[in-house]
Amino acid sequence: MKKIYFLIMSAAILLLNVHTASAKIWRVNNKSNYNGTSIYGDNLGGTSTYPVFNQINQAVGWAAVVDNDTLYVEGSTTVYASATVTKKLAIIGAGYFLTENPKVTNDALEAKVSQLTLNVQGSSVIGLNIVVNGYASDGKVYVNANGITVKRCRIERGIQFATELTDVYILQNFFSNISATNAFYTNGYASFIAPTGIIFNNNICQKTLNWNAWPVKQCKNNIFDGPVNASPNLQLQFTTSEFSNNILKTTNASVNINGGNKEKLTYNIGTLSTQFGTANNNKVIADMTTLFIAPGTSDGKYQLKTNSQGSKNGSDGTDRGAFGGAVAQNRYTLSGLANIPVIYKLTTSGVATQSSGLSVTISARTIK
């Protein structure tokens with residue numbers, strides 16, 4: 001069994017390295033026996049030069065891990081501890097809903113992290129499952145620097161911002177309704193100044209997005225399916241220079257975008273004319289069951305039916321909602337898989353001979 005695991009990991013790392021030049025890829029697996037001094041994750045193939053770290057913070061603190069490197073956080077049955085990133089790194093997880101969607105994994109193990117703090121400009125996180133694990137501070141990504149990208153993650157609480165940030169990219173995520181109701185958080189200080197340049201595109205958001213009159217620079221191709229709250233059931237509140245191709249699935253929800261000025265609201269779908277109006281190619285569809293496929297997986301159920309009223313009629317000629325957009329790699333991706341090759345099946349005869357060796361077949365695909 002251990003040999004098969006090594007075969008899988010070796011193949012995965014080989015495929016990952018196809019996409020890298022000088023930057024290095026480092027492994028993190030909380031089943032590693034790494035202790036930081038004398039044991040380097042040798043139970044999972046680690047060495048003193050290239051350890052397999054047990055936790056994200058151990059990798060961040062390793063001297064050889066430098067700006068522009070990548071941490072690959074491997075799936076596990078155990079939740080990873082909270083982590084603080086103090087270098088410019090790309091952090092890639094295994095995705096989520098791995099038991100639901102086809103051809104997304106070979107072992108169905110997710111990389112669950114209780115909370116992640118990003119302190120260095122230009123850092124990014126892709127494919128992690130940010131979960132609540134016993135603390136009120138869990139389930140969040142804490143954005144404390146400019147130019148941060150949070151992409152293709154499942155997030156149970158939300159995104160918390162430091163003050164006076166610029167250029168934060170929140171793309172293709174799944175905001176779960178498991179815990180809390182709102183997607184955005186301030187840092188809690190009265191002196192808080194909201195970020196400028198938030199890009200919020202191609203997300204599935206089972207939360208409200210109430211951000212007072214603060215700005216969201218661009219809000220495109222999202223599906224909002226927040227909880228039905230008590231009156232006035234306010235689901236969306238912020239200012240924006242572009243709000244297009246979104247679908248507000250929550251029945252009879254209230255919105256307050258740009259103080260009620262609908263000029264920047266185009267090609268959206270809601271259940272009431274009071275939400276986005278019917279001008280500027282906005283649509284009212286009272287019965288949302290006519291729009292989405294059924295049945296479906298936790299995120300797959302938000303795909304549009306073929307020839308639905310939202311199909312291929314967005315501002316760019318593609319579908320409205322999270323699975324639309326002119327550039328395929330910018331659309332929501334099932335299970336939040338990173339745009340790297342994914343091994344979803346490995347088979348072997350189980351018998352090796354001296355003459356022919358061991359026959360192994362790897363099934364993989366490249367995610368958009």
Side-chain angles (χ1 to χ4, degrees), residues 5 8-20 23 25-30 56 70-77 79-80 89-113 116 123-131 141 148-156 159 169-176 200-206 221-223 293 296-304 318-319 321-325 327-346 362-368:
Y5 179 85
I8 294 172
M9 290 314 306
S10 297
I13 292 171
L14 177 63
L15 290 171
L16 280 168
N17 278 318
V18 169
H19 292 263
T20 62
I25 294 172
W26 304 88
R27 293 173 57 200
V28 181
N29 189 313
N30 60 15
I56 296 171
T70 296
L71 305 185
Y72 183 72
V73 185
E74 297 171 8
S76 173
T77 57
V79 177
Y80 285 87
L89 301 174
I91 301 174
I92 299 178
Y96 49 86
F97 301 143
L98 299 182
T99 61
E100 299 184 40
N101 292 312
K103 295 183 179 181
V104 295
T105 180
N106 66 288
D107 59 14
L109 295 177
E110 301 175 0
K112 297 181 180 180
V113 180
L116 184 69
S123 294
S124 62
V125 54
I126 304 172
L128 290 185
N129 191 352
I130 309 297
V131 301
V141 177
I148 297 294
T149 299
V150 181
K151 183 176 180 179
R152 300 187 182 183
C153 292
R154 179 182 175 273
I155 302 171
E156 288 194 350
I159 309 287
Y169 303 91
I170 304 172
L171 312 171
Q172 302 161 268
N173 301 287
F174 187 97
F175 288 84
S176 169
F200 191 86
N201 291 348
N202 293 88
N203 300 284
I204 296 173
C205 189
Q206 293 181 334
N221 284 100
N222 302 286
I223 296 176
I293 65 170
T297 63
S298 293
D299 53 356
K301 67 184 179 183
Y302 291 100
Q303 296 174 99
L304 300 187
T318 67
D319 288 357
F323 293 88
V327 180
Q329 68 183 21
N330 292 342
R331 299 170 186 168
Y332 181 89
T333 297
L334 291 175
S335 288
L337 300 182
N339 56 340
I340 57 176
V342 171
I343 296 172
Y344 60 87
K345 186 177 181 181
L346 185 146
I362 297 173
S363 299
R365 67 188 182 104
T366 300
I367 305 303
K368 66 178 184 294

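This is a predicted model, so every value here is computed, not measured. The chain is numbered in sequence order, starting from 1.
- Val125 has its side chain within reach of Cys153: a pair of non-hydrogen atoms, C-beta onward, lies under 4.5 Å apart.
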Query raised in the report: For Phe323 and Ile204, what are the C-alpha separation, side-chain angles and deciding distance, and is it a side chain to side chain contact (heavy atoms under 4.5 Å, CB included)?
Result: CA-CA 9 Å; Phe323 293 88; Ile204 296 173; 4.3 Å; yes
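- Thr149 pairs by the side chain to side chain donor-acceptor pair (under 3.5 Å) definition with nothing, not counting sequence neighbours.
- Put simply, the side chain of Asn29 reaches to within 4.5 Å of the side chain of Tyr80, judged on heavy atoms.
- Side-chain contact annotation: Gln329 with Asn339, donor-acceptor N/O pair under 3.5 Å absent.
- Partners of Phe200 according to the ring pair (Phe, Tyr, Trp, His ring centres under 6.0 Å) rule, which considers only residues two or more places apart in sequence or in another chain, are Phe175, Phe184.
- In this structure, Lys151 NZ and Ile170 CD1 are separated by 13.5 Å, a value rounded to the nearest 0.5 Å.
- Ile25 is listed as a side-chain neighbour of Thr70, based on a closest heavy-atom distance under 4.5 Å.
- The side chain to side chain donor-acceptor pair (under 3.5 Å) check on Asp299 picks up Asn101, Thr297, Tyr332, with sequence neighbours excluded.
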Query - Leu334 vs Val104, side chain to side chain contact (heavy atoms under 4.5 Å, CB included): CA-CA, chis, key distance, verdict - result: CA-CA 8 Å; Leu334 291 175; Val104 295; 5.6 Å; no
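- Residues Ala94 and Gly75 share a closest heavy-atom pair of CB-N, 4.3 Å.
- Under the 4.5 Å side-chain criterion, counting only non-hydrogen atoms from C-beta, Leu337 is in contact with Leu98.
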Query raised in the report: Checking side chain to side chain contact (heavy atoms under 4.5 Å, CB included) for the pair Ile155/Val150: CA distance, chi angles, key distance, verdict?
Result: CA-CA 10 Å; Ile155 302 171; Val150 181; 4.1 Å; yes
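- For Ser176, the side chain to side chain donor-acceptor pair (under 3.5 Å) test picks out Arg154, with sequence neighbours left out.
- The shortest non-hydrogen separation linking Tyr96 to Arg152 is CE2-O, 3.4 Å.
- Not counting sequence neighbours, Tyr169 has no partner by the ring pair (Phe, Tyr, Trp, His ring centres under 6.0 Å) test.
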Query raised in the report: Step by step, would you call Asn173 with Asn203 a side chain to side chain donor-acceptor pair (under 3.5 Å)?
Result: CA-CA 5 Å; Asn173 301 287; Asn203 300 284; 3.2 Å; yes
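- To the nearest 0.5 Å, atoms CG (Asn202) and CG (Asn222) are separated by 6.5 Å.
- The side-chain heavy atoms of Asn201 and Asn330, taken from C-beta on, include no pair separated by under 4.5 Å.
- Residue Leu128 holds its CG atom at 12.5 Å from NZ of Lys112, rounded to the nearest 0.5 Å.
- Within the model, atoms NZ of Lys103 and OG of Ser335 stand 14.0 Å from one another, a figure rounded to the nearest 0.5 Å.
- In this structure, Ile92 and Ala338 approach most closely via the heavy-atom pair CG2-CB, 3.8 Å.
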Query raised in the report: Should Thr333 and Gln172 be marked as a side chain to side chain contact (heavy atoms under 4.5 Å, CB included) after you check the CA-CA gap, both sets of side-chain angles, and the distance that decides it?
Result: CA-CA 7 Å; Thr333 297; Gln172 302 161 268; 4.0 Å; yes
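- Take Asn30 and apply the side chain to side chain donor-acceptor pair (under 3.5 Å) test, not counting sequence neighbours, and it matches Ser76.
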